[in-house]
Number of protein chains: 2
Amino acid sequence: MHDWAEFRHFRYLLAILEKQGFRAAAEELHTSQPNLSVQARRFQENASIKLFRKTRDGRIRATQTGEAFIQLAQSLLEMRHEVIDALIAIERGEISTIRLGSTPLVDGELFRSFCSMHRTILPMAAVRPTHGDRAQLVEEVLASQVDAAVVTLPLKDPRIHVEELRRDRLVVCLRKDHPLASKAALQPSDLQDNLAILYHPQRHPDAHHRLLELLAEAGVLVEAYSRASHPSEMQMLVREGYGFALVREGTPLDDALTTRPIAGVDWTVDTAVIYHRQWRPKTVPLLIRRFKKLQSTQSSEIFPRRQEAFLGGSIPVLDSLPNGPSKAPV
Amino acid sequence: MHDWAEFRHFRYLLAILEKQGFRAAAEELHTSQPNLSVQARRFQENASIKLFRKTRDGRIRATQTGEAFIQLAQSLLEMRHEVIDALIAIERGEISTIRLGSTPLVDGELFRSFCSMHRTILPMAAVRPTHGDRAQLVEEVLASQVDAAVVTLPLKDPRIHVEELRRDRLVVCLRKDHPLASKAALQPSDLQDNLAILYHPQRHPDAHHRLLELLAEAGVLVEAYSRASHPSEMQMLVREGYGFALVREGTPLDDALTTRPIAGVDWTVDTAVIYHRQWRPKTVPLLIRRFKKLQSTQSSEIFPRRQEAFLGGSIPVLDSLPNGPSKAPV
DNA sequence: CCTGTCCAATACTTTGTATTTATTGGGTGA
DNA sequence: TCACCCAATAAATACAAAGTATTGGACAGG
């Protein structure tokens, strides 16, 4: 059924619709305009559908069916690509299991989608995610006990390849009712006596030193501070009034807390994938490439960026209430 | 990118692997055996993969890669079919509005994203979501008054196609201050006199019977029980001290309530999309496909089933909390 | 050991069609 | 009107798929 439709047709028509013209599409596809003309006609006749109309000025405008075609053809071609990639990887014996790690400082959501991304490439491969301290994870990457890890920078080790995934602004986390919360942005000097909560130095020494450097450059001297061994603890300490903390922008926050940018500086939290330079498992670069691609295409507004969903602290109860029993075991 | 691979190749190789022989496959495909021979070789050379080996008696046996190929090629061809069907239907204007239904037992969040996903395929089509009882919805699906519905299993009807979306563990919902709440997990025997709140039997008879069966197998006999006509009512009854209820794991809970798993059993709540086998609305299979894909790339089941995170009844703060500072500007 | 039979693989030819080149026709704007 | 931008058409070409005939290999039975 529908065996007259080959991938070629989807490629061609997709290019025609996207480029809004046969000529431009032909150039992109490295073929001739008349070829597209006849192939496009054949496909549309076979399916008895019309994918585009011509405007007065000779351009191509997708019909409603054409708009749907763009979405569907993209999925179809993408799927072919994934299928073949998967088959090649399976052939190479890279199926067994892939071990991925992340540190507490990394956005859990990012790590989770990074892990699950592997399934879109290799549905049959098992993924084993692990969590651990930075130092420990680096050790395991070097020992090939994990294939790749998502960590925060900086990291300098000649044996390790670093591929940056995301860069988030570093903002101040403070109580909503703090006087300084009325300002739209804080000055570095505002931190001087208020910044009193840092991530535990031993958990990520490089980041700690770098942060102290940056603060010093901005004229902020941090003397005594509370140590948090987990990001959630930082929020708790801020809430309890022990001072400000620095968190990644966009972080879901406790009800009583808010964040403010720091004026005049450009401090960021950089999240990256690391893997062993030599013993790199071959799927990892592919995985990263695909992840970055999804990230860049997803941030365009097809799916609203999950943002504040949890920010309010309360769950949308009414519509996601408990569901009763239904069925049972395998 | 992989443009040498056409649908033809997938069809051919699929037939070869399934029929376990070139000759038989050639017959099925109405083509010649040598043709398959060369096409199969080309594809495998291009992808540098080997999909089958020959046994002693001259037959064809799929390699591990070949086994994966069968699955993947089937999906690919099925998707082509769905895409073209959908396009034809759209062209004919059969998709002006799509009517989707869900039952109270279904996660509202899931249903909502399922509905909104239809926009990515057909932006102009209106989506009309409806809510109703299971029996009523099944009736409407059969009568083509709704195009598809998200319901909980079990469901047996030869005229209806069932596609599972999610499987959640069934856990006990009880008051935080109940003595048994101190245990990490409950024994089935703990339910004996405590389980006293069930979803209304008439609202979903199949699930009710199945649940009683399961309970009986575990040695639990439920005699008198309160009936809740809506999941939110179940929580209220538990809160008021009328007994335990069974809810889907991960359910947002009332402050005073908590949940505990049941040791030794593997009971689940299965959520599925259903639609009419014959009168299948053309966009629905694609919708489901896309939904599943998004589901697998966003929230994965790879992760340890979010155990304790939700158990307290509070939001899963621990794993989606803020991350501290690390590095700095360019 | 030979031989008949099942296969798939190979060699070669034929057919089909995708593609190219060259051209026409149809709008638009100067 | 002309020139210029398109896509559509026609005819020629090229290339790949499908067909035909054959070979080669692996058994099983005599």
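Each chain gets a letter, A, B and so on, in the order the sequences are listed, and its residues count up from 1.
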Among residues 6-19 of chain B, which residues get a heavy atom nearer than 4.0 Å to DNA chain D? B:Arg8, B:Tyr12
Does D:dA7 have OP1 or OP2 sitting under 4.0 Å from an N or O in the side chain of A:Arg59? no
Quick check: does any side chain N or O of A:Ser116 sit under 3.5 Å from a backbone N or O of A:Arg112, one acting as donor and the other as acceptor? yes
My understanding is that only residues two or more places apart in sequence, or in another chain, count here; which of them pass side-chain contact (heavy atoms from CB on, under 4.5 Å) with B:Ser144? B:Trp279
N or O in side chain of B:Arg42 less than 4.0 angstrom from D:dA17 OP1/OP2: yes
Nearest-Å distance for atom pair CD/P, residues B:Gln20 and C:dA8: 11 Å
So, does B:Arg41 get its side chain near the phosphate of C:dT10, meaning an N or O under 4.0 Å from OP1 or OP2? yes
In whole angstrom, give the distance that lies between atom CD1 of A:Ile60 and atom C1' of C:dG27. 13 Å
Residues that B:Glu82 engages under salt bridge (charged side-chain N to carboxylate O under 4.0 Å, His left out), provided they are two or more places apart: B:Arg289
With sequence neighbours excluded, what pairs up with A:Glu6 under the side-chain hydrogen bond (donor to acceptor under 3.5 Å, both in side chains) test? none
Within residues 21-34 of chain A, those residues having any heavy atom closer than 4.0 Å to DNA chain C are A:Thr31, A:Ser32, A:Pro34
Length of the CG-P vector between B:Asp3 and C:dA18, whole Å: 15 Å
Distance in angstrom units between B:Leu36 CG and D:dG19 C1', rounded: 12 Å
What contact category does B:Val38 fall into here, base, sugar-phosphate, or nothing, at under 4.0 angstrom with non-hydrogen atoms? nothing
Residues at least two apart in sequence or cross-chain that pass side-chain contact (heavy atoms from CB on, under 4.5 Å) with B:Glu27, listed by chain then number, are none
With sequence neighbours excluded, give me every salt bridge (Lys or Arg N to Asp or Glu O under 4.0 Å) pair touching residues 41-50 of chain A. A:Arg41-A:Glu45
Partners meeting side-chain contact (heavy atoms from CB on, under 4.5 Å) with A:Ala73 (sequence neighbours left out): A:Phe10, A:Leu14, A:Phe69
Separation of atom CG in B:Asn46 from atom P in D:dA16, rounded to whole Å: 11 Å
Between D:dA8 atom C1' and A:Glu45 atom CD, what is the distance in whole Å? 13 Å
Describe, in one word, how the ring planes of A:Phe7 and B:Phe7 are oriented to each other, choosing from parallel (under 30°), tilted (30 to 60°) and perpendicular (over 60°). parallel
Once side-chain hydrogen bond (donor to acceptor under 3.5 Å, both in side chains) is applied, do any residues pair with A:Gln145, and if so which ones, sequence neighbours excluded? none
Rounded distance (Å) that lies between atom P of C:dA8 and atom CZ of B:Arg53: 17 Å
Roughly how many Å is it from NZ in B:Lys54 to P in D:dG25, rounded to a whole number? 12 Å
